[in-house]
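Side-chain atoms are counted along with the backbone in the values below, which use heavy atoms only and exclude waters and symmetry mates. Bear in mind the structure is a predicted one, so any value in this text is a computation, not a measurement. One is the number of the first residue; the rest follow in order along the sequence.
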Amino acid sequence: MSLVELTVAEASAAVARREVSPVELTDAVLARLDAVDGTLHAYATVIAETARASAAEAEREIAAGRYRGPLHGIPFGLKDLIDVAGLPTGAGSQVRQGHLAAADSAVAARLSEAGAILVGKTHTHEFAYGLTTPQTRNAWDPGRVAGGSSGGSAVAVAAGSALFALGTDTGGSIRVPAALNGVVGLKPTYGLVSRHGVVPLSWSLDHVGPITRTVADAALVLPALAGHDPRDPASLPGAAFEAGESEGLRGLRVGVPVNHYFEHVDPAVEAAVRAAVARLEQLGARLVEIEIPYARFIQATQWGLMVPEATAYHEPTLRSSPELYAPDVRVLLEAGALLPAADHVRARRARSLMRQAWSELFGRVDVIAAPATPITAAPAGQDSVTWPDGTVEAVSDAYVRLSAPANITGVPALTLPAGHDEAGLPIGLQLMGPALGESRLLSVGRACEQALDRAGTLAPVAA
């Protein structure tokens, strides 16, 4: 097994035992990046020499007995919305050309304190306003989309050019690319992880979270990220996370939606997810049919919140330099300026009702299991999908449809590999839990991962 095939947990244990040095690990990841990124384009910026210097410092610290914990010496990538002092935060846009961050974001500072080794900044759909990340190619099939907007982060992890990465998630932007590239993506509870120093898309919907190869790795990364930060107005007082022991599946109440989540879903995706849920039942979980509340208002609420908030942030630049935006993003920003204030107020009211209803739902079930995306990775350039009943849906709308509820309600959501379609493309299972229920959600996710035996394999890109 090559070093880039190690999970965070495996690499961390090897570094702690001094069987593998951070320098060796970082060199292996950089070599892998050189081999595959010309095809996949996961990275916007690579800081190879800085990474090697940081790895050498980590090696000296560990040799001197100053081991910082499980992320010490582990190479990672950061989505190019997240500030690192002295590096560009390009946000995938000409609007930010020449920008250099003056200070570290909260999450970059936390990972630096944990001793993790930054390899570079990963590509995003422009300002995170899209679900494909057009600069980047899928790690399983470069002719297909990576998913977005954290496509670069997901592809880097899937390809082995980072052992973990951070993304942001406003309507599914961690979970969608994670599902399409066969890795694990976690959107934490709203307010658990600080967004200070992260370029916003929608203040009331944005989250920051990890992308990893296994659920166990996500449970190792999250404690380094979580915690109260007064610089983020949404940060939860006393916010913290500690991973618990795996609880197993016996007696677990798994909610299986009878509406919304299995409507207009590719048969291969539905079959894989239902097979995964059936496997959970075989291992002792109790399946509970549930109805998703206010389902017909989900997409309208998502757009009613996100579109005007995004336009409010970009309004000065949109007025002065609209030509610098990509056409797909510009049209959304301009549409936001036309949305009536009353519609935004209605969306906020709908969100309040949904949050209350989902809180009550989690009184009946421990987790909800559903598809992460209704389709696998679409061919690059494909704009729409046609369902058997003749309904035509934009690819971006299809990808956001099943992930948006967790952003609207703020509950934690996890996606993990659940199988492949007939073309060999990954399918994601999505698990959602109650607010601040990350410990149980990740515990359940680890049990699912072991039961399905599908985690930890690198995507089959050219070596």
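- When only modelled atom types and interatomic distance are considered, Lys79 and Ser153 share no side-chain donor-acceptor pair under 3.5 Å.
- Going from atom OG of Ser320 over to atom CD of Glu315 covers 11.0 Å, rounded to the nearest 0.5 Å.
- In summary, the side chains of Glu438 and Thr189 do present a donor paired with an acceptor at a separation below 3.5 Å, with no hydrogens or angles considered.
- Distance check, rounded to the nearest 0.5 Å: OG1 of Thr376 to CG of Leu425 gives 4.5 Å.
- Between Arg348 and Leu305, some side-chain heavy-atom pair lies under the 4.5 Å cut-off.
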Open item on the list: Before you tell me yes or no, could you show the steps for Ser194 and Asp229 under side-chain hydrogen bond (donor to acceptor under 3.5 Å, both in side chains), namely the whole-Å CA-CA distance, both residues' side-chain angles and the distance that decides it to 0.1 Å?
Closed with: CA-CA 6 Å; Ser194 174; Asp229 182 356; 2.7 Å; yes
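- The nearest pair of heavy atoms linking Leu236 to Tyr190 is CD1-O, 3.5 Å.
- A side-chain donor from one of Thr89 and Asp83 sits under 3.5 Å from a side-chain acceptor of the other.
- Contact annotation: the side chain of His344 approaches that of Glu309 to within less than 4.5 Å [non-hydrogen atoms, C-beta and beyond].
- Among all heavy-atom pairs drawn from Arg32 and Ala459, the shortest one is NH2-O, 4.1 Å.
- Pairing each heavy atom of Val157 with each of Ile211, the nearest pair is CG2-O, 3.6 Å.
- Contact detail for Ala91 and Thr124: the closest heavy-atom pair is C-CG2, 3.6 Å.
- Side chains of Arg175 and Asn407: a donor on one and an acceptor on the other come within 3.5 Å.
- Between Asp206 and Leu201, the shortest heavy-atom distance links the atoms OD2-N, 2.9 Å.
- Residue Leu180 holds its CG atom at 5.0 Å from OG1 of Thr373, rounded to the nearest 0.5 Å.
- Note on ring orientation: taking the six-membered ring where Trp is involved, the planes of Phe127 and Tyr325 are tilted (angle from 30° to 60°).
- Minimum interatomic distance between Val184 and Arg213 (heavy atoms only, all atoms of both residues): CG2-O, 3.9 Å.
- Between Leu78 and Val84 there is a side-chain heavy-atom pair separated by less than 4.5 Å.
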